[in-house]
Amino acid sequence: MTLDTRQLLFTPIPDRIARLQELAYNLWWSWHPEARRLYQQIDPDLWELVYHNPVRFLREVRQHRFETIVANQEFLQQYDAVMADFDAYVGSKDTWFTRHYPGVQGKTIAYFSAEFGMHESLPIYSGGLGILSGDHVKEASDMDLPFVAVGFIYPQGYFRQRLDQSGWQFAEYTKMNFADVSASPALTDDGHEVVVDVELPGRTIFAKVYRIQVGRVPLLLMDTDIHPNSPQDRELSARLYGGDQEMRVAQETVLGIGGVRALRKLGIAPTVWHMNEGHSAFLVLELARELVQQGMSFEQAMQQVKSHTIFTTHTPVPAGNDAFPFPMIEKFFWQFWPQLGINRDEFMNVARQEQDWGPTFAMTALAINLSTHRNGVSKLHGHVARGMWQWLFPEKSQDEVPITSITNGVHTASWLAPELRKVYNEALGNDWEDRVDDGEMWKKLYDVPNKTIWDTKQQLRRNLMAFARERTRQRFVHLGQPPAIWPILEEHVLTLGFARRFATYKRATLIFKDLERLKAILNNPNRPVQIIFAGKSHPKDDPGKHFIQSVYQLSLQPGLAGRIIFLEEYDIAVGRELVKGVDVWLNNPRRPHEASGTSGQKASLNGVPNLSILDGWWPEAFNGRNGWAIGEEREYSNQEEQDWNDAVSLYETLENEVIPAFYDRDAAGIPNRWVDICKESIVTCAPQFSMRRMIAEYTNRFYMPVALEK
Ligand SMILES: *Cc1c(COP(=O)(O)O)cnc(C)c1O
């Protein structure tokens, strides 16, 4: 290996454990708890302080900590075991991909997304879309797909959520130092850094490409905060979803067009292009431009591009789909359409969508028109998407619209509690993680004694209480005041979790519709209930922020205080704690606005049953024994009526089903009916809503048919 100048920034590591540095630069550590525990053991306080980021950890740790740990035989054994696992993982030739597609070589799938939720120390995601992309990349690595991911590294990330004393959300941005995260400049084969250029109105913008290694898979992230960009352009990739519409066009131009150019400069020639949501859809224009420049006609080029492209839509709400007015697109692309050999009208027609306010260039229409496979992210969402985009296929009925569905899943290793993993190792055999989508295998879990599951769940709830109290304490330290309410939460009380983006359609305040009824439920002396809330709303979404403020203020009211808390800064770390530690996962969106939802899938994997509206993924999962349904499978024209009906159904289900099942105990104190529901939730959801099942579907239905087409 050549001298790595980064090493100069690190505390010298004893040779015996020197590979901790190599490990820090492969996000494999982020889904292997035993790898994270190595760093944690060296200095637990510092590990918290650097927010579980091994690169920063290795820079800041004091040398004497290394000297102590390297004398600890038990640690050295763990270190050797982790490094052996890591080597076996990276070097393995017997993988899902080689088993299912033996002999297939030279095919690469390029996956574009505006956000990637990899780990809490890398704040380049905002919510479900990003978490899904992050999980997709990790599982692509586990399955050994020939895969490369492309996006932005946002130096100021998504914001950190703070609440003021009144519960009003404000945003904190801190600048990320790239030397502090597991990223390094992407290099060409001959060792050159990669900078791409893209034309924007009146100037050329440059973006430098960084590389993050995710197991076997590279994640390439662009950054525009470089010389010689203007100060304004340096800010372009500063924040996720910052700025106005013009800034968005500029960002999406760099993502789609710059992203293709980055791959080209690195000598990567994808055979499959997957656009995760429409933000990256300009990439099809760049691919077409390349072909036209080689002499192809525009029509042929479009056909060719289309045959290699896959598009996944996630947004059943029309306003959530980017659509730009023609004059704005004209400003950005007037020099581009001549390179495609077409005029303005022909260009606009590629993505034309009529809106109430006039014609627009719509990213989703662009992506649909130029892809060969298109899908929504649950069966119900597929149906909704076919209705939304039917106008693009005027000769087809809604059912015939060529948009199918592949239901989302979650990356098992990233979201499973280590305490439960031990139980699964025992029950399912040590190779179970390589067969997570095998539904038969999971049935062995029925034989695990209820006491084993229940004891583990009690432990997980206690851990969560400690976490929630510490987070709450820190918030008040930060505000410089004593806690408004203390003590909070109790260890043996049935605990509901509600954590998601506070977009208004998710109706975070639904459970407060009838305050007196709620208070009676929470404060039943024999069968009390408590609720933990968390969630951010978009910095520009004031209605969402009002919801947060309401929940916060209600959590201080007599009759609710101490039983309801709002945790600040919902991120991957908070999500991980909640989905494994609560008893019930509450989900009450306004149907049918939830495309899939994945947090409930994480919960069910941890034996946390869902109490959910039959929206998104839940109608496919719910079987009457693995959780509960709120409301009916119907649509409403009157939202107030919908909210009331759903709220009443929520209260009734809690009172009549959820609470009795939890509190009815046998002589040994075990709630057998409850544990059966937990088991059923794991057995039915863990395989079916795994990222493994999801990517197998993408690969078998989309990626490989496209890659192998003659
Ligand atoms: C899983 C997850 C989400 C997505 O959850 P939904 O169920 O889709 O609302 C959002 N944010 C974080 C931090 C998550 O872990």
Side-chain angles (χ1 to χ4, degrees), residues 30-31 51-52 113 115-136 138-139 157-161 240-241 276-277 312 314-317 320 376-378 380-381 407-417 471 497-508 510 532-538 544 547-548 567-582 584-606 608 610-613 615-618 620-621 627 685 689-691 694:
S30 71
W31 70 97
Y51 213 34
H52 319 141
S113 183
E115 39 175 312
F116 287 93
M118 311 303 304
H119 183 257
E120 58 265 26
S121 63
L122 205 58
I124 57 171
Y125 63 94
S126 74
L129 180 73
I131 305 287
L132 186 83
S133 313
D135 278 9
H136 197 125
K138 291 174 187 171
E139 188 68 51
Y158 196 52
F159 67 97
R160 234 193 107 86
Q161 180 192 46
L240 179 54
Y241 306 139
N276 188 45
E277 195 48 285
T312 303
H314 295 261
T315 316
V317 185
V377 291
S378 68
L380 178 58
H381 175 233
T407 304
N408 284 343
V410 294
H411 183 243
T412 311
S414 293
W415 300 104
L416 177 61
R471 278 282 177 136
F498 182 101
R500 37 189 41 89
R501 279 182 307 113
F502 269 50
T504 47
Y505 79 85
K506 298 202 185 226
R507 298 190 297 186
L510 189 76
I532 303 182
F533 282 90
K536 293 157 97 162
S537 56
H538 187 281
F547 271 38
I548 291 176
L567 288 183
E568 244 176 13
E569 181 58 11
Y570 178 44
D571 69 352
I572 289 179
V574 172
R576 213 173 38 232
E577 295 304 320
L578 288 173
V579 295
K580 65 191 190 194
V582 299
V584 175
W585 197 252
L586 176 63
N587 178 41
N588 47 232
R590 185 171 283 128
R591 191 178 182 280
H593 286 340
E594 190 63 86
S596 165
T598 53
S599 57
Q601 301 173 345
K602 302 168 196 164
S604 61
L605 167 71
N606 284 292
V608 174
N610 282 263
L611 168 57
S612 172
I613 298 278
D615 197 9
W617 73 290
W618 190 232
E620 289 165 56
C685 300
F689 302 97
S690 64
M691 193 41 87
M694 180 189 116

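The residues of the chain are indexed from 1 along the displayed sequence. Each ligand, and each atom within it, is numbered from 1 in the order the structure gives.
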> Going by atom types only, do Arg500 and Ser599 share a side-chain donor-acceptor pair under 3.5 Å?
Replying inline: yes

> Are a donor atom and an acceptor atom from the side chains of Thr315 and Glu277 found within less than 3.5 Å of each other?
Replying inline: yes

> Parallel, tilted or perpendicular: which fits the ring planes of Phe533 and Phe498, with parallel below 30° and perpendicular above 60°?
Replying inline: tilted

> Under a 4.0 Å heavy-atom cut-off, which residues neighbour ligand 1?
Replying inline: Gly127, Gly128, Ile131, Trp415, Arg500, Lys506, Tyr570, Asp571, Ile572, Gly597, Thr598, Ser599, Lys602

>> Among residues at least two apart in sequence or on other chains, which ones pass salt bridge (Lys or Arg N to Asp or Glu O under 4.0 Å) with Glu115?
In response: none

> Ala621 and Phe689: which non-hydrogen atoms are nearest, and at how many Å?
Replying inline: CB-CE1, 3.5 Å

> Does His119 reach the side chain of Tyr51, with side-chain heavy atoms less than 4.5 Å apart?
Replying inline: no

